[in-house]
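First up is the structure itself, then whatever we jot down about it.
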Amino acid sequence: MFEIEDIRDWRGRNVIDESGSKIGELEAIYVDTYTDLPSFATIKVGLPTRQRLVFAPLAGSTIGPEHLRVAHTKRQVKDAPSIDTDGELFAEAESEVFTHYDLPYEAGPNERRLARR
């Protein structure tokens with residue numbers, strides 16, 4: 001895994017899928033509030049007039065010279081839960097992100113599992 005201080009410098013760089021197809025541009029990193037480790041990336045996708053941010057897990061990701069490669073297909077990432085480019089992920093919607101990627105989700109009442117960095 002990579003350090004959060006390093007990955008923030010990558011904002012705006014390309015994100016590609018496991019086969020090398022461009023998905024979009026890296027917007028932000030979300031850390032797991034239990035471990036404070038990078039957990040998900042938000043990726044800016046869509047046409048310039050209709051952009052949104054989709055979530056992709058960072059587990060299994062690698063960094064190339066000018067890109068972040070996620071360990072999922074372009075289709076799976078683009079079909080992931082999304083937020084507006086100026087929106088936020090609400091606590092009640094967090095479980096949908098984890099469920100989309102078949103990842104376990106546990107958080108107590110009024111607890112957040114993801115925090116933007």
Q | Distance in Å, Gln51 CD paired with Glu27 CD, rounded so as to fall on 0.5 Å steps | A |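 Between Gln51 CD and Glu27 CD, I get 9.0 Å after rounding to 0.5 Å.
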
Taking all non-hydrogen atoms of both residues into account, name the closest pair between [X] and [Y] and its distance.
X: Ala80; Y: Tyr101; value: CB-OH, 3.4 Å
X: Glu18; Y: Thr73; value: OE2-CG2, 3.1 Å
X: Pro57; Y: His72; value: CG-NE2, 3.5 Å
X: Ser61; Y: Leu68; value: CB-CD1, 3.9 Å
X: Ala71; Y: Gly60; value: CB-O, 3.8 Å
X: Tyr34; Y: Glu106; value: OH-O, 3.1 Å

Does a side-chain N-to-carboxylate-O contact under 4.0 Å join [X] and [Y]?
X: Glu25; Y: Arg13; answer: no
X: Asp17; Y: Arg69; answer: no
X: Lys74; Y: Asp79; answer: no

Q. Are Ile83 and Leu58 connected, step by step, through hydrophobic side chains (Ile, Leu, Val, Met, Phe, Trp, Tyr) whose heavy atoms are closer than 4.5 Å?
A.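 Yes, same cluster.
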
Q: Apply ring-ring contact (aromatic ring centres under 6.0 Å, His included) to Phe98 and Phe40, showing your working.
A: CA-CA 10 Å; Phe98 284 78; Phe40 281 85; 5.1 Å; yes

Are the side chains of [Y] and [X] in contact, using a 4.5 Å heavy-atom criterion?
X: Ile16; Y: Ser21; result: no
X: Ile43; Y: Val77; result: yes
X: Val70; Y: Val15; result: yes
X: Leu89; Y: Val97; result: yes
X: His67; Y: Lys22; result: no
X: Arg52; Y: Val45; result: yes
X: Thr99; Y: Tyr105; result: no

**Q.** Test side-chain contact (heavy atoms from CB on, under 4.5 Å) applied to Ser39 and Val31, step by step
**A.** CA-CA 5 Å; Ser39 182; Val31 297; 5.7 Å; no

Q) What pairs meet the salt bridge (Lys or Arg N to Asp or Glu O under 4.0 Å) rule with one or both residues in residues 80-105, with sequence neighbours excluded? A)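 Salt bridge (Lys or Arg N to Asp or Glu O under 4.0 Å) check on residues 80-105 returns Glu94-Arg112.
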
Q) Taking Thr42 for the side chain and Ala28 for the main chain, is one N or O donor matched with an acceptor at less than 3.5 Å? A)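 At least one qualifying donor-acceptor pair exists.
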
